[in-house]
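Input: a single structure, listed below in structure tokens.
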Amino acid sequence: MKQPILQVRDLKQHFPVTSGMILQRQVGSIRAVDGISFDVYEGETLGIVGESGCGKSTAVRSISQLYKPTGGSVIFNGIELTTADPRTMLAARRDIQMIFQDPYASLNPRMTVRSIIAEPLVIYNRRNLLDPPLSKLEIEHRVEELMERVGLSKVFKNRYPHEFSGGQRQRIGIARALALNPKIILADEPVSALDVSIQSQILNLLSDLQKEFNLTYIFIAHDLAVIQHISTRVAVMYLGKIVEISEAVNLYDNPLHPYTTALLSAAPIPDPVVERNRQRIILTGDVPSPDKERFGCYFYDRCPKRMPWCSNHIPPMFKRGKNHEVACWLYDETRDYHDVSMEEAKADAAKASK
Amino acid sequence: MKNVVATNEFNQVVEGNSLGKDAWRRLRKNKMAVIGMIVVIIYSILAATAPLLPIYPYDQIILDHQHLRPSLTRTSGEIMMENRLKDLYFKAWRSGELVVTEAESAQIRKWIAANDTNKVWNFVFKEGEAQREAGIFTFNAADQRVITRLQDKIDTEFLIDVTQITFSEEKGDKRQDLSKMSYEQISRIYADLSNTDIEAVKAQTLTEVSSQLMNTLKSATPGLTAEEYAVNLELELQTIGESGVAKLGKTNLLGKISTTITRQADRDLKQEIREGLAVFPVERIIDVNDQLQAKVTATKKHERMYYLGTDYSGRDMLSRIIYGSQVSIAIGLVGTLTSVLIGIVLGAIAGYVGGKVDYILMRIVDIMYGLPYMLLVIIFMAIFGRNILNLFGALALVSWLTIARMVRGQVMSLKNSEYVEAARSMGGSTARIILKHMIPNSLSVIIVYSTLRVPAFIMQESFLSFLGLGVQAPFASWGSLVGDAVDGMTLYPWRLIFPAIAMTLFLFAMNFFGDGLRDAFDPQSKNEL
Ligand SMILES: Nc1ncnc2c1ncn2[C@@H]1O[C@H](COP(=O)(O)OP(=O)(O)OP(=O)(O)O)[C@@H](O)[C@H]1O
Ligand SMILES: [Mg+2]
């Protein structure tokens with residue numbers, strides 16, 4: 001089997017909540033990402049979906065080491081990024097680039113398009129991490145080449161970001177991400193701020209680039225249709241956890257986790273007949289706040305199929321067929337938990353914790 | 001490698017540009033800003049080249065020329081005469097010799113009651129001149145004498161300036177500039193000139209230097225006993241050493257020699273005037289004795305023109321304003337620059353590092369905010385002494401607070417912006433992120449604040465000068481000029497108006513320039529290209 005290019009193991013990102021003025025005591029933590037594991041293979045696109053606030057952005061930021069992860073490991077091309085020294089990490093991170101959600105906020109308004117796209121080149125050049133080093137003119141040509149590649153005329157080189165449309169700006173962001181010839185690109189909702197017609201242009205551009213440069217993507221989106229369009233595999237996140245991960249086709253045809261089922265049933269279908277007759281699963285309540293430690297299934301509060309057992313046992317990932325994993329006790333083939341009473345479950349949990 | 005250049009689709013060469021270049025292009029489009037910039041530049045050039053300009057010395061006191069009003073066409077002598085005549089006409093009116101109508105007399109009395117002295121003088125002068133013209137009025141003998149004497153004085157008095165003294169051992173030898181010779185040589189020359197021996201000259205000079213030093217000591221640290229002063233003086237003499245004494249002594253001796261020459265030239269010129277031979281302005285080389293020669297210029301004292309009038313010591317306002325702008329602009333710019341630099345550095349550190357560092361820095365700022373600002377400056381000046389450098393220091397020390405807070409706020413909000421995150425994800429160093437991303441994006445705030453700071457500094461300096469803690473006479477600054485002019489404001493309005501205009505114009509220009517700069521550094525500004 002193929003070797004994964006990126007391995008994420010039990011990655012945790014907790015943000016401390018402090019109080020007090022001088023002596024800042026930690027009074028708790030926001031568990032934005034609470035132990036996620038997955039592999040990413042070369043050339044594929046891993047989509048991550050989930051409700052707002054479930055920790056998708058935080059996950060990619062921890063992977064790219066923008067935040068120092070609280071725990072777990074991120075192994076890229078055999079290099080452990082969480083413990084690597086700065087220079088090794090910089091060298092490795094050259095191959096990991098990001099595309100940001102907001103094409104307005106992610107470009108410095110005081111820099112011309114040229115300097116924005118050239119920035120990674122200039123930084124790596126200055127740190128002697130480019131082989132061979134580039135001259136000023138070479139950088140200039142590389143910038144032009146990138147602009148043409150993402151569909152911007154090089155005539156616009158001297159313009160400022162505010163003189164472009166949202167789609168054009170996102171192209172600038174993409175060109176910047178491509179500048180160092182990365183292997184993997186982490187795209188945090190790259191199309192959600194754009195108009196639908198432009199979304200598809202950008203998505204097509206991204207898939208063209210993927211074929212051309214053999215890129216790997218981790219692609220975050222709210223929109224299930226977008227994810228389906230672009231992903232090879234999809235991970236579904238809920239409250240800092242991955243609840244289901246599977247081949248894209250598989251997930252849409254055969255969602256297993258109750259949360260995934262609910263999520264898919266909420267997505268509109270562009271066919272009036274189907275749309276009118278379909279069954280929607282309405283989840284009750286909001287996403288709970290990620291600020292306390294949980295001992296049961298993270299989805300317990302809102303799950304339409306919950307069992308007493310789920311309230312105090314965290315489900316592991318159960319394998320269901322090739323490349324399909326789900327974190328739900330319903331899919332434990334060794335035991336059926338439907339008839340376990342609350343008392344028995346509590347007793348079992350207490351025994352396990354001893 | 002072949003020489004390729006970047007071209008656009010129309011095959012035109014695309015020039016690289018940067019924020020700086022673009023800013024300059026945008027600035028040039030903004031007329032008001034350009035005018036402001038030009039005014040600021042003109043001021044700066046005038047201030048910087050003041051010693052080269054053809055203006056009278058800013059510290060030359062001519063008591064006869066006290067409070068002369070500004071005039072573009074009339075010489076100081078004519079204005080002096082006019083002033084005297086006004087005075088005499090007024091006296092004549094008082095004593096009843098100058099007859100005016102009853103209504104006019106009542107009006108004059110009303111003016112006097114309202115302290116409108118200028119109106120009174122102008123009126124009696126006009127009236128008196130008219131009556132004298134018409135032959136109705138003549139001065140009495142005493143007044144006539146006063147007038148003649150003044151006219152005589154105006155016609156004959158002159159100012160002598162010794163510009164260069166040269167020396168040669170024998171006639172025909174190469175002449176040496178006296179100011180470039182050694183203390184030893186100058187002592188001998190002075191001994192020859194004044195017919196004493198060299199030892200006496202040296203002893204005399206040493207005493208003078210000592211007493212000079214003693215005076216400085218006494219003014220610097222007042223309130224010591226005589227013994228303590230003696231000890232201090234001894235120390236002072238040791239620190240400056242032989243060469244120090246020689247340097248001071250040389251200055252003294254040169255002064256004395258030049259006084260001697262001035263006196264001699266004065267005598268000669270007076271003689272010539274009596275004989276009716278002198279033609280002013282005089283510029284000549286005179287032989288003092290066999291060895292000394294001096295280049296002397298003499299101008300008629302009362303033919304000077306004061307375009308902006310004179311102050312209470314008869315000093316030229318024009319040149320005082322120009323020299324004053326030196327001090328004021330320097331304080332405005334240097335003070336702003338240092339305070340903005342301190343503020344940016346500390347604010348950026350506090351905002352970027354955050355946590356405890358931020359907490360401590362901001363508490364220091366809070367505490368300093370709480371202290372009365374001017375009091376700090378005054379205490380600082382009192383401890384470290386009153387000179388211009390300390391003034392810079394004191395003002396800069398307490399004025400970085402606001403800018404530090406502003407920069408901190410900016411940096412904190414920019415720290416979490418996506419483009420800074422993007423730069424960090426590309427491995428941009430902290431320095432690069434601060435310099436390339438945070439500072440350019442905080443620049444508009446910083447620039448606006450700085451341009452507001454410049455006037456504030458000029459004002460503060462004025463305030464301190466007004467309190468007597470700023471620049472000390474004979475130096476001037478706009479502030480001290482305005483401060484000095486406040487008394488006698490109605491009598492001599494020009495003393496107030498011209499420095500005030502100079503100052504206002506500069507501050508206006510500075511504001512427009514700053515506004516333009518802000519727009520120029522903001523690519524999104526409405527001031528389109
Ligand atoms: N720097 C931070 N400090 C504290 N809490 C944070 C921080 N960043 C994110 N969080 C919290 O972590 C949780 C996950 O946030 P995250 O931005 O990863 O969500 P998301 O899945 O990307 O949501 P969206 O789809 O709206 O972008 C949220 O509850 C958020 O409040
Ligand atoms: Mg997000």
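The closest donor-acceptor contact from the side chain of R110(A) to the backbone of N441(B) lies at 3.5 Å or more, if one exists at all.
Only the side chain of Y124(A) has a heavy atom closer than 4.5 Å to any heavy atom of chain B. Heavy-atom distances place the side chain of R432(B), and not its backbone, under 4.5 Å from chain A.
Here R424(B) contributes atom CZ and Q65(A) contributes atom CD; the two are 13.0 Å apart, rounded to the nearest 0.5 Å.
The closest side-chain heavy-atom distance from R126(A) to S429(B) is not below 4.5 Å.
Closest non-hydrogen pair, A423(B) versus E119(A), comes out as CB-OE2, 4.1 Å. For the pair N108(A) and H437(B), the tightest heavy-atom approach, listed with the atom from each and the gap, is ND2-ND1, 2.9 Å. Minimum interatomic distance between A422(B) and S106(A) (heavy atoms only, all atoms of both residues): CB-O, 4.4 Å. A pairwise comparison of heavy atoms in M98(A) and S425(B) identifies SD-CB, 4.2 Å as the closest pair.
Within 6.0 Å of atom NZ in K68(A), more than 12 heavy atoms from other residues, nucleotides or ligands are found, so the atom counts as buried in its surroundings. More than 12 non-hydrogen atoms from other residues, nucleotides or ligands lie less than 6.0 angstrom from OH of Y104(A).
Interface with chain A: from residues 414-421 of chain B, residues E418(B), Y419(B), E421(B) qualify, criterion being any non-hydrogen pair under 4.5 Å. For residues 74-97 of chain A, a heavy-atom distance under 4.5 Å to chain B picks out L90(A), R93(A), Q97(A), given by residue number.
With chain B as partner, the option from P120(A), A179(A), P161(A), P109(A) having the largest number of non-hydrogen pairs under 4.5 angstrom is P109(A).
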